[in-house]
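Have a look at the structure below, then the notes.
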Amino acid sequence: MEAFVGVVRDVVANKGVMISTSGFTVAAVEVARTHGITTRTYLDTENVDWKTEVSIPVLMSYSKIDNVGTYFSSVPFQPMVLPTGTHPGLIEAFSVDGTPLGPVIVLLGKRWMHDDALHKPGEHKFVLAEDVLLESPMGRHHAKISITLLVSEHYYLGPLSISVVGFRDEQDGSITAQEMKTDFLDPAKIMSGEVPGWKEIVDGEEKSGFAFASRRHTNSDGCAFS
């Protein structure tokens, strides 16, 4: 690097750029920084002869429903009959005009996916449906459905492989390329400890400065919504 600095100075070049396929030592980068030399490393994760492993740090947010409370109440001037042999989340619901809405757990899943306020840690109480028809052995009867959720949030930090052909600036860490493609993120394996390099971030640890991925999930009856 010092020899290259001398060449740039001797030829009175406007700018010096050194490109490597294997990176630079810390000392070389410091010399380059001092003398205004750009240091770039060629990255190619696709070419067999020049293959380079590249990854970015990713922070995965995982919102989980720890507990679900389902409450049914009658609609004014309408009788309410509930099946006793069916789990509350699996009771089939219909609109008042008879249109199938799916099981109660499906209605909750749709609300969970579209209401970001529910993903904040803590307890959430809300009305899931003001007036629906619930299936029972005695027919369909009107009911109001209310829900209580207990939600927790977890963070996992780790490397995510990317496919890229381009250059990394060794002085600021940025990557210049026409396109980048990330690998698949497998939240289940990450949380079970099967993916090397990932760890759970506990309260108080720094969470800023990373690429961010989110995951929404409920473990009620083994049903997941993502």
Side-chain angles (χ1 to χ4, degrees), residues 58-158 160 182 184-195 198-205 207 211-226:
V58 169
L59 183 67
M60 182 181 76
S61 171
Y62 177 80
S63 298
K64 184 176 71 171
I65 299 176
D66 294 315
N67 200 3
V68 182
T70 308
Y71 305 90
F72 301 98
S73 55
S74 61
V75 174
F77 310 111
Q78 296 289 346
M80 184 180 70
V81 178
L82 293 176
T84 57
T86 304
H87 188 282
L90 301 180
I91 297 176
E92 293 288 338
F94 301 82
S95 64
V96 291
D97 64 3
T99 302
L101 301 176
V104 173
I105 192 67
V106 170
L107 298 182
L108 175 57
K110 292 178 179 179
R111 178 67 177 270
W112 170 254
M113 287 300 299
H114 294 94
D115 191 345
D116 289 338
L118 297 180
H119 306 141
K120 296 180 180 179
E123 186 177 84
H124 303 275
K125 295 182 178 181
F126 58 94
V127 175
L128 182 62
E130 284 284 357
D131 187 1
V132 293
L133 300 176
L134 299 182
E135 189 76 66
S136 77
M138 300 179 64
R140 298 174 183 175
H141 299 272
H142 292 261
K144 175 181 178 180
I145 307 174
S146 301
I147 299 291
T148 298
L149 296 183
L150 187 60
V151 178
S152 61
E153 189 169 28
H154 306 267
Y155 293 91
Y156 294 83
L157 176 64
L160 181 63
T182 66
F184 290 103
L185 194 67
D186 193 328
K189 289 186 176 180
I190 288 173
M191 290 181 291
S192 65
E194 297 178 52
V195 183
W198 284 80
K199 69 171 185 176
E200 184 172 5
I201 303 298
V202 299
D203 291 342
E205 292 190 74
K207 301 184 181 70
F212 188 78
S214 65
R215 171 75 172 174
R216 302 170 183 176
H217 176 79
T218 174
N219 64 357
S220 175
D221 301 310
C223 297
F225 307 93
S226 62

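Atom set for the values below is all heavy atoms of this structure, side chains included, hydrogens, waters and symmetry mates excluded.
Of all heavy-atom pairs spanning M80 and A143, the tightest one is SD-CB, 3.9 Å. Minimum interatomic distance between V81 and S136 (heavy atoms only, all atoms of both residues): O-CB, 3.7 Å. When all heavy atoms of G89 and P103 are compared, the closest pair comes out as O-CB, 3.5 Å. Across H141 and G139, no two heavy atoms sit closer than the pair CD2-O, 3.7 Å. In plain terms, the two heavy atoms of A93 and L134 that are nearest each other are CB-CD2, 3.9 Å.
Rounded to the nearest 0.5 Å, atoms CD (E135) and CD (E92) are 7.5 Å apart. Atom CG of L59 is separated from atom CH2 of W198 by 8.0 Å, given to the nearest 0.5 angstrom. Between atom CG of residue L157 and atom NZ of residue K199 there is a gap of 6.5 Å, rounded to the nearest 0.5 Å. In this structure, K144 NZ and D131 CG are separated by 10.5 Å, a value rounded to the nearest 0.5 Å. Taking CD1 of I190 as the reference point, atom CE of M60 lies at 4.5 Å (rounded to 0.5 Å). Between the CG atom in L149 and the NZ atom in K64 there is a gap of 13.5 Å [rounded to 0.5 Å].
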**OP:** Verify side chain to side chain contact (heavy atoms under 4.5 Å, CB included) between L133 and H142, making sure each step is shown before the conclusion.
**Re:** CA-CA 5 Å; L133 300 176; H142 292 261; 3.6 Å; yes
**OP:** Decide yes or no on side chain to side chain contact (heavy atoms under 4.5 Å, CB included) for I145 and V127, but give the supporting numbers first.
**Re:** CA-CA 6 Å; I145 307 174; V127 175; over 6 Å; no
Original post:
Does the side chain to side chain contact (heavy atoms under 4.5 Å, CB included) test come out yes or no for V106 and L101, once each step is laid out?
Top reply: CA-CA 8 Å; V106 170; L101 301 176; over 6 Å; no
**OP:** For S61 and E153, run side chain to side chain donor-acceptor pair (under 3.5 Å): C-alpha distance rounded to whole Å, both residues' side-chain angles, the deciding distance at 0.1 Å, then the answer.
**Re:** CA-CA 7 Å; S61 171; E153 189 169 28; 2.9 Å; yes
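Aromatic ring orientation, H119 versus W112: perpendicular (interplanar angle above 60°, classes split at 30° and 60°).
You'll find the side chain of V58 stays beyond 4.5 Å of the side chain of T182, heavy atoms only. Counting heavy atoms from C-beta on, the side chains of I91 and F72 come closer than 4.5 Å. By the 4.5 Å heavy-atom criterion applied to side chains, E123 and T148 are counted as neighbours. In this structure the side chain of V151 never reaches within 4.5 angstrom of the side chain of L118, judged on heavy atoms. Looking only at side-chain heavy atoms (C-beta outward), T70 and I147 come within less than 4.5 Å of each other.
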